[in-house]
Amino acid sequence: MAKSNFENLQVYQLAEKLANEIWNIVGSWGQFAKETVGKQMVRSVDSIGANIAEGSGRYNFQDNRRFVRIARGSLNETRHWLRQAYKRNLLTNEQVNRIKPIIDELSPRLNAYLNSIGNTPAQNSDN
């Protein structure tokens with residue numbers, strides 16, 4: 001099956017990688033932690049990639065930019081939940097060390113992607 005345009009974007013691939021890392025981590029938590037922090041964190045991190053995908057399916061750059069801004073907000077929400085999870089001893093240092101580089105790369109890529117939309121003929125290019 002051929003990839004959709006959004007699946008070729010490095011920013012989308014990073015969002016997907018982060019979502020899968022967090023999914024695997026939350027899956028090992030106890031029921032209370034999953035039902036409270038875990039569900040919120042999984043929803044926010046999944047929203048990053050989902051909004052990149054939805055925006056790329058819009059056929060004007062204004063809509064695409066709006067969805068990428070929503071993705072950026074979801075990344076910030078994910079950061080919040082990760083901080084809470086760490087403070088509540090739900091994340092190990094090893095897990096943080098796996099997640100942090102992904103977030104550190106994803107954040108500027110999201111901004112670069114947002115800035116590129118509508119500025120070039122290839123509106124869905126990834127910087």
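Quantities reported herein were computed from a predicted structural model and do not represent experimental measurements.
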Heavy-atom closest contact ([X] atom, [Y] atom, distance):
X	Y	result
Ile103	Pro108	O-CD, 4.5 Å
Val26	Met41	CG2-CE, 4.1 Å
Tyr12	Glu7	CD2-CA, 3.8 Å
Val11	Leu106	O-CD1, 3.5 Å
Ala19	Asp46	CB-OD1, 3.4 Å
Tyr86	Leu91	CD1-O, 3.8 Å

Which value, rounded to the nearest 0.5 Å, describes the distance between [X] atom [atom1] and [Y] atom [atom2]?
X	Y	atom1	atom2	result
Tyr113	Ile52	OH	CD1	7.5 Å
Leu18	Glu105	CG	CD	11.0 Å
Ile99	Leu82	CD1	CG	5.0 Å
Ile25	Thr92	CD1	OG1	7.0 Å
Leu14	Asp104	CG	CG	11.0 Å
Arg65	Ser116	CZ	OG	8.5 Å

Practice item. Please identify each residue that fulfils side chain to side chain donor-acceptor pair (under 3.5 Å) with Lys17, with sequence neighbours left out. Key: none
Exercise for review: Apply side-chain contact (heavy atoms from CB on, under 4.5 Å) to Glu77 and Gln40, showing your working.
Suggested key: CA-CA 9 Å; Glu77 181 182 355; Gln40 292 288 334; 4.0 Å; yes
Donor-acceptor contacts, no H, no angles, side chain residues 67-76, under 3.5 Å, sequence neighbours left out:
| from | atom 1 | to | atom 2 | distance (Å) |
| --- | --- | --- | --- | --- |
| Arg72 | NH1 | Asn111 | OD1 | 2.8 |
| Ser74 | OG | Ser47 | OG | 3.0 |
| Ser74 | OG | Ile70 | O | 3.3 |
| Asn76 | OD1 | Arg79 | NH1 | 2.9 |

Review point. Should we count CD of Glu94 as having more than 12 external heavy atoms under 6.0 Å?
Key: no
Review point. Side chains of Trp81 and Ile22: closer than 4.5 Å at any heavy-atom pair?
Key: no
